[in-house]
2 protein chains.
Amino acid sequence: MNLKELSSLLGLSQTTVSRALNGYPEVSEATRKKVTAMARAHGYAPNARARGLATGRTMSIGHVIPLSTRHEIVNPVFSDFVAGASEIYSANGYDMLLTVVPDQGEAEAYRKITARQTVDGVIVHGPKAQDGRIALLREIGMPFVVHGRMSADDTGYAWVDMNNVTAFSCAADCLIDLGHRRIGLLNGLETLDFALRRREGVQRALAAAGIEAQARYFLSDEMTEGFGYRATCALLDLDEPPTALIVSSLIIGIGVRRAAEERGLKLGRELSLIVHDDDLSYLRNGSETGAPVFTATQSSVRDAGRMCAQNLLDIIAAPDTAARFQTELEAKLVMGSSTGPCPV
Amino acid sequence: MNLKELSSLLGLSQTTVSRALNGYPEVSEATRKKVTAMARAHGYAPNARARGLATGRTMSIGHVIPLSTRHEIVNPVFSDFVAGASEIYSANGYDMLLTVVPDQGEAEAYRKITARQTVDGVIVHGPKAQDGRIALLREIGMPFVVHGRMSADDTGYAWVDMNNVTAFSCAADCLIDLGHRRIGLLNGLETLDFALRRREGVQRALAAAGIEAQARYFLSDEMTEGFGYRATCALLDLDEPPTALIVSSLIIGIGVRRAAEERGLKLGRELSLIVHDDDLSYLRNGSETGAPVFTATQSSVRDAGRMCAQNLLDIIAAPDTAARFQTELEAKLVMGSSTGPCPV
DNA sequence: TTGAAAGCGGTACCAG
DNA sequence: CTGGTACCGCTTTCAA
């Protein structure tokens, strides 16, 4: 069923039918009623491609995910982010176009997506400290919002990020106040901006306290359970092992727990822990924390997804406002956890 | 840059340029060279909507995800599946369109997606024992592949599933052979087909061994760490707790470990475990298993993603062959784990 | 081997 | 308030 058929069925012109369905004011209430009734009866929905061709808009948003051994998509954060973003998209009639590309082909993917006019805007995932994608998207004039930011230059474009530096610096401060001097960090891949900021936060706190940062206590890799396990083992094997760890994600923290358990170490007593918690659905259930969170910095990835999506839609509506959309979500240091009071 | 501009730049007709770029044979090698060179120089890529409108194909595949409190997307399995499917899509020039819809609006979402001609085919996620979507998609003639299957009727449509019944029945057999009589199951939501099949597998094995199945040992919920923890606590609190558990996912298993640990129970000695392992990237790293897998049934969700995608593309090319694409991926019982020999 | 022109299914301008 | 018509950018007959 297409517009032509529908309108001839009604004995009206395509113009009128189109107007009736799109809520234009100049159509009489009577005909609008007839038209919508008939449309529903025949399950008419306008052909998305044709409409897009005519209006110049696709009503879909692109998410380009680099596919590599160290890829974003294995990160379960991605699922929750998508869940949040989708809420906004579907409420506004947008779809989400996922393009998974080999790492080196990323720039070309953005160019192509733009040239083909397949999306109205783009979310940039996993920005690096200086990320070529931002300049590229700016250059080709594709509206975009970055989840995270590019520390080298965080002005003039839209981003939604958490306060990584402050949050992780607070975490370190907390441990320092408790008397810890040998503090480790199990971080995400430090090619990524967020991980660098987290590291910087920890280092600042140490420096401010006059503690020499020990590079061997700072480990960084993909945020998997396996990394948490191996890293903890390695650190505990040092002649002077750290007495406290700051951990970049719950899933890493689960690996830490496994390692500690194998050695009979009591977490929170023999090894103190502050874990960053992205509030991921598959770990949580209700308000319960299913991980060794004794003290946590908390933020919600799903909120970030919602916010990125909403800002992007606003930017698409008014492209010149992009530079104004810079949101820092606050992750706070939360003492204790649902599994008991803070034993750090 | 569009076709008209490009062709006038070359002093050729749109027809010729189009043919040159799309590899039609009737164009001379000389002009083809010139055309492709010029196209690359100006970063020309055909407008996807216009092309789709002309050809009737969108070159994109739909994934409709129900968004509810118990939604698929929180399941990290989804990420890995998408990673696998995307490999196939990008290798074939397809994009992936994610539509997240409220639960009750799902049928309408499929109808709309079809009416708007926004995708060439669809992957069905999380089928139930009898799932209305399958009849619906058949009726409206949209090519589709089901990840999983509908036990009520698994003929006449394409699916990729694992051998849930057999795998879980083997798992139970194994435990029975070791002398266990009180065997529990921590299962996914039993509104979903795969979970029902897993339960059926366990029950068959118990029945065959003349063991009365105890409903109170069979727990089912979303597959989160929290569920694993709570369920294990509840089971261990029974007056006659189970001596062995079969666990439907690694993430549940992690919760089991937490519960066991809190009570000082040695897994593999005081509580035996067989865990199904979907080989998810964020838990694994290389070949290491980051969970309490003492004996596992293994399958790869990523493989399933690849296979679904490939089959769907084949079906789109030859729609009448759909009924032939029924693939059962084998999950085997693997004794032991990388963390040591099987201690069950 | 090349080109003109008719769609594909809508939207939006301009007349009436 | 309604209708005719010219696009949107590409593919694809049909003629040359």
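Convention: sequence-line order gives letters A, B, ...; per-chain numbering from 1.
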J.: Provide, to the nearest angstrom, the distance between the NZ atom belonging to A/Lys4 and the P atom belonging to D/dT5.
T.: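 Going from A/Lys4 (NZ) to D/dT5 (P), I get 14 Å.
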J.: Measure the distance from CZ on A/Arg19 to C1' on C/dT11 and round it to the nearest whole Å.
T.: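 Nearest whole value for this atom pair: 10 Å.
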J.: In this structure, how many angstroms lie between the C1' atom of D/dC10 and the CZ atom of B/Arg57, rounded?
T.: 15 Å
J.: What I want to check is whether an N or O donor and acceptor connect the side chain of A/Thr15 with the base of C/dA12 at under 3.5 Å.
T.: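 Checked by distance alone, the answer is yes.
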J.: Report which part of the nucleic acid A/Gln14 touches: base, sugar-phosphate, or nothing (heavy-atom distance under 4.0 Å, all strands).
T.: base
J.: Is B/Asp193 paired with B/Lys128 through a side-chain N to carboxylate O contact shorter than 4.0 Å?
T.: no
J.: If you count heavy atoms of other groups shown closer than 6.0 angstrom to CD of A/Glu139, is the number above 12?
T.: yes
J.: Taking only side-chain nitrogens and oxygens of B/Ser13, does any of them come within less than 4.0 Å of OP1 or OP2 of C/dA4?
T.: no
J.: side-chain hydrogen bond (donor to acceptor under 3.5 Å, both in side chains) for B/Asp153 and B/Thr155? Distances and angles first, verdict last.
T.: CA-CA 6 Å; B/Asp153 174 14; B/Thr155 59; 2.8 Å; yes
J.: On a plain distance test, is the side chain of B/Arg116 in donor-acceptor contact with the base of C/dG9 below 3.5 Å?
T.: no
J.: For the helix from C/dT1-D/dA16 to C/dG16-D/dC1, how many degrees between its two end axes (five pairs per end), to the nearest 10°?
T.: 40°
J.: Specify the separation, in whole Å, of atom CD of A/Glu26 and atom P of D/dG3.
T.: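 Atom-to-atom, A/Glu26 to D/dG3, this comes out as 13 Å.
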J.: Should B/Ser18 be listed as having a side-chain N or O under 4.0 Å from OP1 or OP2 of D/dC10?
T.: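 No.
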J.: Got a donor-acceptor pair under 3.5 Å from the side chain of A/Arg49 to the base of D/dG9?
T.: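 Check fails, no donor-acceptor contact within cut-off.
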J.: Atom CZ of B/Arg51 and atom C1' of D/dT12: how far apart are they, to the nearest Å?
T.: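 Rounded to the whole Å, the gap is 13 Å.
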J.: Both B/Leu12 and A/Asn2 contact DNA chain C. Taking the nearest nucleotide for each, which residue is further toward the 5' end?
T.: B/Leu12
J.: Once you round it to whole Å, what is the distance between P of D/dT11 and CG of B/Leu53?
T.: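 The answer, rounded to whole Å, is 11 Å.
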J.: A/Ser28 side chain N/O closer than 4.0 Å to the phosphate oxygens (OP1, OP2) of D/dT2?
T.: yes
J.: What is the distance, to the nearest angstrom, from the CG atom on B/Leu3 to the P atom on C/dG7?
T.: 19 Å
J.: Do B/Asn2 side-chain atoms and B/Lys4 backbone N/O form a donor-acceptor pair below 3.5 Å?
T.: yes
J.: So, is A/Asn22 near the phosphate of C/dT11, with a side-chain N or O under 4.0 Å from OP1 or OP2?
T.: yes
J.: Mind calculating the distance between OH (A/Tyr24) and P (D/dG3) to the nearest angstrom?
T.: 17 Å
J.: A/Glu87 side chain to A/Arg306 main-chain N or O, any donor-acceptor pair under 3.5 Å?
T.: no
J.: Is A/Tyr44 close enough to C/dG9 that one of its side-chain N or O atoms is under 4.0 Å from OP1 or OP2 there?
T.: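 A/Tyr44 to C/dG9 OP1/OP2: no side-chain N or O under 4.0 Å.
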J.: Could you walk me through whether A/Arg111 and A/Glu108 pass the salt bridge (Lys or Arg N to Asp or Glu O under 4.0 Å) test, one step at a time?
T.: CA-CA 5 Å; A/Arg111 285 189 194 284; A/Glu108 206 215 348; over 6 Å; no
J.: For the backbone of B/Glu328 and the side chain of B/Asp161, can you confirm whether one donor and one acceptor N or O come within less than 3.5 Å of each other?
T.: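 Checked: no pair found.
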J.: Going by atom types alone, do B/Arg324 and B/Asn311 pair a side-chain donor with an acceptor below 3.5 Å?
T.: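 No, no side-chain donor-acceptor contact under 3.5 Å.
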J.: When you measure from the side-chain N and O atoms of A/Asn47 to the phosphate of C/dG10, is any distance below 4.0 Å, counting only OP1 and OP2?
T.: no
